[in-house]
Protein chains: 2
Amino acid sequence: MVQVLSIVKSYQNEFTKTEKVVADFILENPSIVVSLTTKNLAVQTGTSEAAIIRFCKRIGINSFTDFKIALAKDLDFNKEEPFYDSPIQLEDDTQDLVNKIFSRSSQALQNTSQLLSIEELEKAIDLIHSANRVYLYGAGGSSIVAQDFTLKLLRINITASHHQDIHVQMMSAANMNKDDVLFVVSTSGETKEVLELLTVAKERGTPAILLTQKKKSKARNKANVILDTSLEEQSIRIGTTAARLTQLAIVDTLFTGICIRKGDKIYNYIFDTHDATSRRND
Amino acid sequence: MVQVLSIVKSYQNEFTKTEKVVADFILENPSIVVSLTTKNLAVQTGTSEAAIIRFCKRIGINSFTDFKIALAKDLDFNKEEPFYDSPIQLEDDTQDLVNKIFSRSSQALQNTSQLLSIEELEKAIDLIHSANRVYLYGAGGSSIVAQDFTLKLLRINITASHHQDIHVQMMSAANMNKDDVLFVVSTSGETKEVLELLTVAKERGTPAILLTQKKKSKARNKANVILDTSLEEQSIRIGTTAARLTQLAIVDTLFTGICIRKGDKIYNYIFDTHDATSRRND
DNA sequence: AAATAATGAAATAAAATTTTAAAATGTGTT
DNA sequence: AACACATTTTAAAATTTTATTTCATTATTT
């Protein structure tokens, strides 16, 4: 249990009237007290600054500042970080939005990292690492994930083929063979274009990696490697951003894994050994 | 989870020489710092009291006392050494990569949500909400963020103009006027094209919103509203994914804020009241 | 060479602590 | 019960310590 607060409690019978008032206020508002001054706290409790100092000494703590530090240290024990689970509402103010959106996103990442199959990840890394050419496609909004991965791969000299226009992408994919890899992102796994690409891949003997969210879909059956992002409770219909974030994090993991496979050659180029600022990504 | 220390670390590249000395001391002796005064810490680090205060402000905390309180809150958690802390290495196995990359990303989100200025966010939301037309541009890898936002805005019937090709974007931007808004993403804030766009915006009286990471850059001085993503401890030179994730989360927040401004009309369309699956984003 | 940024010393402001004197409470004596 | 005396508690004021701002100087960039 909370140390300082329990000390305060244990002194209940020893306190004078004024001290008791101070103690009660502290017990009820520990997190507020942490950022008050002696003057503030004196006003809030209807006592005096001297009373606050005396209170600290009484419970065996040398100064008010020390008391606040000790209190702050203890508070965190309680503070398992706030998780803003409630749905987004019209009444939410901007701070609510930040809390909810960021904590959800962060939660989605943590969930995914727990559920992610290391085995499938390694299959994907190996396939891409040893592929002759990588064809990347992201359906609709997921296209940015495919794009991000494409840019990364090009940087380390892996031949990556990506086109936003699905027809161009199909034309390009028509040349796939078994030494290539198809990498598709489809949150739902039901997108028509993705299914078509996967079918072509199968016909041509090209291994396919699917980055998806739905646990059951037509696309799953057609892919060789499946990377799952955690499900999210959607509360907004437009823009499944949390899913997008986890997809990007998976892509980042794949990319880093590939870099490591490439080993020493790439090490100095890729890893930030000395000057992080020298190379921009913007 | 060790927020303040991780924020301090993330600023490593932004610090001046003196600030770096202070940061190093804090990182090595967090539990001591908690009970030091500005003077003490100044002496211990061979700097000045002013330098200590400046240090706190630099990392976005507005007083030394607040800094100490925040630090004290974090200290107990410190016991379990978090893995995102160690750099990615050639020897890491896939599980290590997942742990490091995901926990860093998650950390970056948390840091950003703490430091994000609600005031600037609201300015941005209002500007976009009431703009006649929004011009979006993302430099290099950040283009996917601009793209993501563009897709979202188009869905709620806001006129959004985005082009991957900077020349087309410039041509389009040449028509900007004061009822429009320019929204640019530039992690470094030094990208030539972004600076040009900002200059054009200024000439034409168009308010500009900048989504960036660096705390000091040429672009900052040219923008009307600045949205900061938290700095990250870069350990890989290619692909500032953590920054990208936080940028996307900020975009998501802006978007949701705009939807809320639009109110009832949009509510049933946007918010998931019953069937989340009916509308795909893929 | 001029502009810009970083820095510490000194001045100022704010906060914490101690001192002090008055008020309240308690104790023993008649 | 009434009084004197001692003790404790208290808050206002004085003092000390700590935090913050200002400003002139030095370093760095452009």
Side-chain angles (χ1 to χ4, degrees), chain A residues 4 8 11-26 32-72 275 277-278 280, chain B residues 4 8 11-26 32-72 188-192 195 199 214-223 226:
Chain A
V4 181
V8 171
Y11 273 80
Q12 294 275 26
N13 302 324
E14 309 275 331
F15 288 140
T16 67
K17 217 176 355 165
T18 334
E19 282 166 355
K20 196 154 172 24
V21 172
V22 176
D24 287 347
F25 185 88
I26 291 169
I32 295 171
V33 171
V34 149
S35 49
L36 294 180
T37 64
T38 48
K39 192 177 217 168
N40 277 333
L41 185 51
V43 171
Q44 295 256 6
T45 55
T47 62
S48 69
E49 295 178 57
I52 305 302
I53 306 285
R54 271 196 306 268
F55 174 87
C56 297
K57 309 237 150 148
R58 167 81 67 171
I59 62 170
I61 290 174
N62 228 327
S63 77
F64 180 61
T65 312
D66 287 354
F67 174 78
K68 281 197 295 184
I69 295 289
L71 193 55
D275 63 331
T277 51
S278 66
R280 281 219 306 275
Chain B
V4 180
V8 171
Y11 272 80
Q12 296 273 26
N13 298 324
E14 300 280 321
F15 287 139
T16 66
K17 223 181 339 174
T18 324
E19 284 165 355
K20 196 151 174 25
V21 172
V22 176
D24 288 347
F25 186 88
I26 291 169
I32 295 171
V33 171
V34 147
S35 47
L36 295 180
T37 63
T38 47
K39 192 176 218 166
N40 279 332
L41 185 50
V43 170
Q44 296 256 7
T45 55
T47 63
S48 67
E49 295 177 59
I52 305 301
I53 304 286
R54 270 197 299 264
F55 174 87
C56 297
K57 308 237 150 140
R58 165 83 68 176
I59 61 171
I61 293 175
N62 59 16
S63 81
F64 180 61
T65 311
D66 286 356
F67 174 79
K68 281 197 295 184
I69 297 288
L71 193 55
S188 72
E190 301 289 357
T191 321
K192 204 181 77 207
L195 294 174
T199 306
K214 275 273 182 301
K215 303 304 170 196
K216 250 179 185 179
S217 70
K218 296 206 187 92
R220 286 184 90 88
N221 310 320
K222 298 179 179 243
I226 293 169

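Numbered from 1 within each chain, the chains take letters A, B, ... in sequence-line order.
Under the side-chain contact (heavy atoms from CB on, under 4.5 Å) test applied with B/Phe67, the options B/Ile53, B/Ile52, B/Val34, B/Val4 reduce to a single match, B/Val4. Here the options are B/Ile59, B/Asp24, B/Val22, the test is side-chain contact (heavy atoms from CB on, under 4.5 Å), and the partner is B/Val8; only B/Ile59 passes.
A sub-4.0 Å separation between OP1 or OP2 of C/dT17 and a side-chain N or O of A/Ser63 is present. Note on B/Thr18: a side-chain N or O is less than 4.0 Å away from OP1 or OP2 of C/dT7. Side-chain nitrogen and oxygen atoms of B/Lys57 include none within less than 4.0 Å of the OP1 or OP2 phosphate oxygen of D/dT20. The side chain of A/Thr37 contributes no N or O atom lying less than 4.0 Å from OP1 or OP2 of C/dA15. Listed pair A/Thr38 / C/dA16 meets the phosphate criterion, a side-chain N or O lying under 4.0 Å from OP1 or OP2.
Nucleotide D/dT9 holds its C1' atom 17 Å from the NZ atom of A/Lys20, rounded to whole Å. A straight line from NZ of B/Lys39 to P of C/dG8 spans 15 Å, rounded to a whole angstrom. Counting to the nearest Å, the C1' atom of C/dT25 and the CZ atom of A/Phe15 are 20 Å from each other. The CD1 atom of A/Ile61 sits 15 Å away from the P atom of C/dA16 (whole-angstrom rounding). Note: CZ (A/Phe67) to P (C/dT17) measures 12 Å, nearest angstrom. Remark: C1' of C/dA5 and CZ of B/Arg54 are 10 Å apart, rounded to the nearest angstrom. Rounded to an integer number of Å, the gap from CZ of B/Phe64 to P of C/dA14 is 19 Å. The CZ atom of B/Arg58 sits 8 Å away from the P atom of C/dT7 (whole-angstrom rounding).
The side chain of B/Ala51 lies closest to C/dG8 when the candidates are C/dA16, C/dG8, D/dA19. When the nucleotides C/dA16, C/dT19, D/dT21 are ranked by their closest atom to the side chain of B/Ala50, D/dT21 comes out on top. For A/Thr16, the side-chain atoms get nearest to D/dT9 when compared with the rest of D/dA19, D/dT9, C/dA6. Counting only heavy atoms from C-beta on, B/Ser48 has its side chain closest to C/dG8 among C/dG8, D/dA11, D/dA19.
The residue among B/Ile53 and B/Lys17 whose nearest nucleotide of DNA chain D lies closer to the 5′ end is B/Ile53.
Checking side-chain atoms of B/Lys68 against main-chain N and O of B/Leu36 turns up a donor-acceptor pair under 3.5 Å. Of the possible donor and acceptor atoms, one in the side chain of A/Glu19 sits under 3.5 Å from a partner among the backbone N and O of A/Thr16.
Annotation: the span from B/Tyr11 atom OH to B/Arg58 atom CZ amounts to 9.0 Å, rounded to 0.5 Å.
Within 4.0 Å (heavy atoms only), A/Glu49 reaches at least one base atom of the nucleic acid.
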